[in-house]
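First the structure, in the form of structure tokens, and then the observations on it.
Every number for a ligand or one of its atoms is a count from 1 in the order of the listing.
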Amino acid sequence: MQKLFTALLLLFAVSVSAQDIVITEGWKFKTGDSIIWASKSYNDSGWSPIKIGANWERQGYKGYDGFAWYRLHVVIPSSIKEKSFLKEKLKIDLGKIDDGDEVYLNGSFIGRNGGKNMDIKKGIYNTQREYMLPLSDFRILWDKENVIAVRVYDGNGDGGMYEGKYGISVMDVTDYVSINTNEDNFHFGNNNQVSKKILLQSTSDKYDFNGKLRVTITDPFTNAVVLKQTIGVDFAKDRPFEYTLKAHLPESKSYVANYDFEEDRTKKLITASEGIPYVLTPLPAPSPKINGANIYGVRPNAPFLYRIAATGEKPLTYEAIGLPKGLELDKQTGIITGAIAVKGNYKVKLSAKNKLGTASKNLNIICGDQIALTPALGWNSWNCWGLSVSDEKVRASAKQMYEKLADHGWSYINIDDGWEAPQRAASGEIVPNNKFPDMKGLSDYVHSLGLKLGIYSSPGPLTCGGYLGSYQHEELDAKTYGNWGIDYLKYDWCSYGNIAPAKPSLDDYRKPYIVMREALNKVNRDILFSFCQYGMGDVWKWGAEVGGNSWRTTGDINDSWGSMSEIGFSQDVPAPYAQPGHFNDPDMLVLGKVGWGPSLHNTKLTPDEQYTHISLWSLLSAPLLIGCDMSQLDDFTLGLLTNDEVLAIDQDVLGKSARKVYEKEKIQVWVKELQDGNKAIGIFNLDDKATQTTIRFSDIKLPAQVLLRDLWRQQNVGTFKNSYPAAIPAHGVLLFKTHSVAYR
Ligand code: GAL
């Protein structure tokens, strides 16, 4: 995928207008490229039907990159202009298109989305396409059949008209209005009190707006209305209307807030809705507790850096009994450094102490050939900052991770694309651009916090963002990363597509990763090697053999239910290949404030979808790479990322991925075997309404009687015989661990 970004203005307002022409059905498709396909009279009856709102890879065109065309025949009735208040422009919404597109109406060109230089090969895949024409435009055939032809180019990964808003409408005053739910987060008070500010705003220089704002909060299980308010509102471009939602909710669970604005002039509705977050994760106890995986891999003589992850009231002091020769603990910071010369399995007893007591935990340090024995827990700059990442943002993220997350085992701070200078040094060395004045200084800072630093490159000459890749400089780049103190390399196929043959063989897919593996082997650092090639050639079957510590199994994720659920729930295929040191990577997390560029928005996932996201990724033994702005972690997001019982599922030393053991209608159950002989169980509701269902233990291969522990709430639910009655919110999850022995 091409990744060039502009600032995205993503407001979650959806205008609902009676005059929209629906264009989601009836599209035809053909791969290849010919300008004749733009023509109105071209006979496309032999073309294949295709769905828009899903990439073409999912519809029988797996692995296809290059040009393809979409065509639609549609009547545009003149009644839509008569009914409109403004009578100015026709708007064609074509959703998001991966990567670039060029649109023709009845054979005439009407617009292009081609990112930089309007080159459709450099399209901006994550932007909604809106093409406008004056109502008097000769290209519109009123009350007759029109043909919309969309020429698409996709460079790599997923492609096509993959999601977003579709329709033909006449632009009206209400198109200037939006309900902005992004300016504030929900705040939580005592007894399930919540509050949040939302804004009604306009971009029109000409019009003021009056109308009614109706706010309702409903219980998605019963449809009961918990709160209903109607407020008279007026606002203009320089004068947004600020509304503060304040509610006292009956329980700490899923509720939905709906905001409907009815505009006085047109009587049209602008609507937005959002799930109200509810925090399940209990706050850490003030007495000490040690978190993190029970195992840690290191190679002989490689610099060792491990920070004991412990919660509890500060100050804490740390102990480590049985450290192998060469390692040393700083008792005040809990950071262990040094190097181990001799291979072996070292059993160390860690402890953390404060005025309330002492906690201990055994850690196996395995000095051998393998690192990353449990999936990486960290942050990556891409899903929030995109190409606008900078040293300052990375440092700020590291500081936040240190203050808020590291005590739960989080450790990697990874710079994605956008750090590279346009030219190498005369010596051939890769150099950072001016957003990263001192890479070594940055890594020293990150390491001083006991955290690790990651970087990004491509085996091709250019990265996906158009920056310099490592092609023909692999050894030198690996050495440079080593000198800078890099601990993680994400290696993204991108322009290597132009180096590899058009139809790559398995060897062609493996080759660039073998070359970089060999280069990394020559560096005396433990650099986690993360493959990013979107699952091509079933990478999970050979990723471990080629020396990958993780490999992306899919194209890029985004913060929609469609994307996250499609990726997450299709991970049963690669599941058998997950093992300590080698994990499937279904892409980075899309919770918190995301944006892929300088301007950020709240994730579009509902709170329940976010519980599903973390639960599923943990069950899959996936790397958990936070993709949001770390300086804006609200209580809800923090709760999602600091639940030690949930993280322990992800970090289980057996390193197995859960398998899908049950699927009926919209219910799926995924079960993961754990090292202690117990199982982690995710019961998911993929339906868009809440559901009540009975899960029979015999259907999911559990014994007749089990004790279930709710991992999000960190509470035993009870002992159940033969079945469990599950009430699950829309797109939500129940995450359990089975237990033979009751927790006390
Ligand atoms: C994509 C990759 C993303 C991000 C981006 C950077 O190919 O899948 O995760 O790294 O490139 O340009």
### Message
Determine whether K96 and E163 satisfy the following criterion, salt bridge (Lys or Arg N to Asp or Glu O under 4.0 Å), listing intermediate values before the conclusion.
### Response
CA-CA 6 Å; K96 297 178 180 178; E163 73 166 27; 3.3 Å; yes
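Against a heavy-atom cut-off of under 4.0 Å, C532 is close to the following atoms of ligand 1: 2 (C), 8 (O). Residue-ligand proximity, D417 to ligand 1, at heavy-atom distances under 4.0 Å covers atoms 6 (C), 12 (O). When each atom of ligand 1 is checked for a heavy atom of G465 under 4.0 Å away, the hits are 12 (O). In summary, the atoms of ligand 1 found under 4.0 Å from a heavy atom of W382, numbered by their order in the structure, are 3 (C), 4 (C), 5 (C), 6 (C), 9 (O), 12 (O). Shown in contact with K490 at under 4.0 Å from a heavy atom are these atoms of ligand 1, numbered in order with element: 3 (C), 4 (C), 9 (O), 10 (O). Short contacts between ligand 1 and D556, defined as distances under 4.0 Å to a heavy atom of the residue, involve ligand atoms 1 (C), 2 (C), 3 (C), 8 (O). Near M588, meaning under 4.0 Å from any of its heavy atoms, are these atoms of ligand 1: 9 (O).
Looking at D492 next to ligand 1, an N or O pair under 3.5 Å apart turns up.
Salt bridge status for D585 with K490: absent, with no side-chain N to carboxylate O gap under 4.0 Å. Look at K541 and D538 and you find a salt bridge, because one of the NZ, NE, NH1 or NH2 atoms lies within 4.0 Å of a carboxylate O, short of that distance. The pair E130-K165 does not meet the salt-bridge criterion, since no charged nitrogen lies less than 4.0 angstrom from a carboxylate oxygen.
Residue T463 places every heavy atom at 4.0 Å or more from ligand 1. Look at Y456 and you'll find a heavy atom under 4.0 Å from some atom of ligand 1. Contact annotation: Y534 has at least one heavy atom less than 4.0 Å from an atom of ligand 1.
Aromatic ring pairs are classed by plane angle as parallel below 30°, tilted from 30° to 60° and perpendicular above 60°; the pair H601 and W596 is tilted.
Between the side chains of S621 and S657, no donor N or O sits under 3.5 Å from an acceptor N or O.
K51 is linked by a side chain to side chain contact (heavy atoms under 4.5 Å, CB included) to Q59, counting only residues two or more places apart in sequence or in another chain.
The two atoms that bring D508 and Y496 nearest to each other are O-CE2, 4.2 Å, heavy atoms only.
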